[in-house]
Amino acid sequence: MKVYNTLTKKKEQLVPIDDKTVRMYSCGPTVYSYAHIGNMKAFLFMDFLKRSLNYLGYKVKNVMNITDVGHLVSDADEGEDKMIKTAKSTNKTPWEIAAMYTDAFLADIKKLNIQRPNVLCKASEHIEEMLEMVYKLYDEGYAYETSDGIYFDIAKFPQYGRLSNLDLEGQLAGARVAVNEEKRHPADFALWKKAPKEHIMQWDSRWGMGYPGWHIECSAMSRKYLGDQFDIHTGGVDHIPIHHENEIAQSDAFLKKQAVKYWMHCEFLQVDGGKMSKSMGTAYLLSDLEEKGYEPLAFRYMCLNAHYGKKLNFTWDGIEAAQKSLNRLSNLVLEHKESDTHIDSNVIEEYKQQFREALQDDLNLPLAMSTVWNAARNNVKSKSIYNLLMDFDKVLALDLDKKRTEAADDIPEEVTLLAEQRLEARKNKDWKKSDQLRDRIRQLGYSINDTPAGQVIKKG
RNA sequence: GGCGCCAUAACCAAGCGGUAAGGUAGAGGUCUGCAAAACCUUCAUUCUCCGGUUCAAAUCCGGAUGGCGCCUCCA
């Protein structure tokens, strides 16, 4: 498989360090509010990558962090923080808030058929591992102390800026004035912060009570679970310039060698051609889609239709199209399931080959999807194609053999009653009455379709 | 100001030197009392514009125009 490596700006052949298992780390959610569908796109990317690697025959071990410390400052000296607001208004502790949003996150990824990473680790439970790195970096002169914390000295790490192609000099010229006058360079970043009394989450350290800087958790936990050196690190493009740059600096300085071989980043989800924003109300949640009658898997389908490295434009028309496509695809899959016309095995092999090649080329899922459709639309309806498509579904994870035109199961009695009356009217060929009843049912938010098997009532 | 990405049919979106994948919408058809759903067929001589390289360019180079993102602990 070839993957685009942000570090080298090239597509490279993926060669696992340990030739048996690909070890991969993905930046996870910060659990102080609900994750929106933009966040989900990144987690879907991780899942597509893992499943594709498995499909292509690689073994994979993956780790994801849950960031449950760092944002959890108790006083609002930096303006409005959603976390604090929530904590105050609900009278809960940061720990409780974190637990609540972690649960919500896990429920969401489950709905999206995102496989739970092999290791899901919380920052708050790995303070010791983080301190181990901070101490060593400090002792070896990579970090210095200021009145409010321990900072990494980027001057000691000449490769700083390689990932994001940062020109530190140029950057400096236009940079805003450093807030922290004690920092030697504006880009120096905190490894450890000394905690003010009112900071709720704090731990003991050499420098007294404090809490970890916002980058060290990934370095410490990836090292703990994947070893000093591992293969792939994924995340959103927004993390390239600061978070991942800093991670590289602290990890590589700590190890005296390169920790991560391939850096893979997924582009943002936009809404109506622009930035997704909470203030504009476009930071939709999975539950928003569900409320409008879309399956979470329709969103998964949508993401499958664009390359991970490119921005995807979310629109309501787009999700509608995705849901329809998914419904039709499932229908076709079931058609193949129920038929057993013979088909030349070469045809099957050809599809399989195309699918594999698409995955191998830097996870070109949109291209893979064209093969999926070509196979599904094949005029010959065959069990072999059904098996093939279900094989593809190991990667797609769209539950393709799910019947999506089934009647909804929570039909209100009122609607059921009207439907029965309509059935009666149709028997009597009283079309006028039957159409009126259909209209009323539609007004109640349900659609009714006549099929050879009888009438089917669906929500929406 | 610094860094970067992208411009392909009504919309979403592959292709990245060899003559435009796929999905949605639209159109036509089968089915139906009529619809809907489902299924089938069809749908870009052309890839923002202008130059250049080449036997050959959406694909490479130069320029123009337009859109977007990051530089704020947002994936």
Side-chain angles (χ1 to χ4, degrees), chain A residues 26-30 32-33 35-46 67 69-73 78-79 81 83 161 164-176 179 187 189-190 213-215 234-243 246 265-270 273-278 283 301-302 304-307 309-315 317-329 331-332 335 354 358 361 364-374 376-377 379 381 405 426 429-432 434-435 438 442 447-452 455-456 458:
Chain A
S26 304
C27 284
T30 302
Y32 66 104
S33 74
H36 56 246
I37 56 175
N39 298 313
M40 290 304 154
K41 181 180 188 280
F43 305 135
L44 281 166
F45 161 57
M46 166 199 78
T67 301
V69 297
H71 302 255
L72 316 181
V73 185
E78 290 180 7
D81 183 311
M83 169 67 202
S164 51
N165 205 12
L166 261 188
D167 170 13
L168 280 177
E169 304 306 314
Q171 191 74 344
L172 207 53
R176 326 165 171 210
V179 181
F189 56 93
W214 24 99
H215 312 290
T234 75
V237 284
D238 56 322
H239 281 158
I240 299 171
I242 295 181
H243 183 53
N246 294 352
H265 292 96
C266 114
E267 253 296 355
F268 270 33
L269 183 72
Q270 299 194 320
K275 185 188 162 100
M276 171 179 268
S277 93
K278 282 187 184 171
Y301 180 95
M302 195 179 195
L304 225 25
N305 233 355
H307 192 265
K310 287 200 173 171
K311 296 178 189 76
L312 172 62
N313 189 20
F314 178 89
T315 61
D317 282 349
I319 192 71
E320 172 71 21
Q323 179 72 66
K324 277 188 181 163
S325 301
L326 180 57
N327 291 161
R328 285 182 189 163
L329 192 55
N331 266 316
L332 289 166
E335 262 186 67
Q354 282 177 14
D361 185 15
N364 193 338
L365 289 163
L367 185 61
M369 286 307 285
S370 71
T371 299
V372 171
W373 277 99
N374 286 143
R377 295 252 209 239
N379 286 329
K381 301 300 173 209
T405 48
R426 291 190 72 231
K429 296 196 189 299
D430 185 350
W431 310 124
K432 199 174 169 190
S434 124
D435 288 349
R438 182 165 63 197
R442 191 170 298 150
S447 65
I448 188 156
N449 298 325
D450 298 315
T451 72
Q455 53 181 17
V456 175
K458 276 172 56 183

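Each chain gets a letter, A, B and so on, in the order its sequence line appears, and its residues count up from 1. All values derive from a computational prediction rather than experimental measurement.
Within the 4.0 angstrom heavy-atom criterion, no nucleotide atom of any strand lies near A:E320. Note on A:H36: a base of the nucleic acid sits closer than 4.0 angstrom, heavy atoms only. As judged by a 4.0 angstrom heavy-atom cut-off over every strand, A:I240 is placed among residues making no nucleic acid contact. Residue-level contact check: A:R377 touches the backbone only, with heavy atoms under 4.0 Å from sugar-phosphate atoms and none from bases. Counting non-hydrogen atoms under 4.0 angstrom, A:G273 reaches the backbone sugars and phosphates but no base.
A donor-acceptor contact under 3.5 Å links the side chain of A:D450 to the base of B:rC34.
Considering only residues two or more places apart in sequence or on other chains, A:R426 meets the salt bridge (charged side-chain N to carboxylate O under 4.0 Å, His left out) condition with A:D450. The salt bridge (charged side-chain N to carboxylate O under 4.0 Å, His left out) check on A:D435 picks up A:R438, with sequence neighbours excluded. Evaluation of the side chain to side chain contact (heavy atoms under 4.5 Å, CB included) rule for A:K324 yields A:E320 as partners, not counting sequence neighbours. Scored by the salt bridge (charged side-chain N to carboxylate O under 4.0 Å, His left out) test, A:R442 finds A:D439 as partners (sequence neighbours excluded).
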Report, one pair per line, the protein and nucleotides 5-15 of chain B atoms (nitrogen or oxygen only) whose separation is under 3.5 Å.
from, atom 1, to, atom 2, distance (Å)
B:rA13, OP1, A:N313, N, 3.4
B:rA13, O2', A:N305, O, 3.4
B:rA14, OP1, A:H307, N, 2.8
B:rA14, O3', A:N364, ND2, 3.2
B:rG15, OP1, A:N364, ND2, 2.9

Any protein N or O atoms within reach of nucleotides 25-27 of chain B? Criterion: under 3.5 Å, listing atom names and distances.
from, atom 1, to, atom 2, distance (Å)
B:rA25, OP1, A:K324, NZ, 3.3
B:rA25, OP1, A:R328, NH2, 3.4
B:rA25, OP2, A:R328, NH1, 3.1

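Here the nucleotide nearest the side chain of A:L332, chosen from B:rC74, B:rC40, B:rA75, is B:rC40.
To the nearest whole angstrom, the two P atoms, one in B:rG69 and one in B:rA13, are 15 Å apart.
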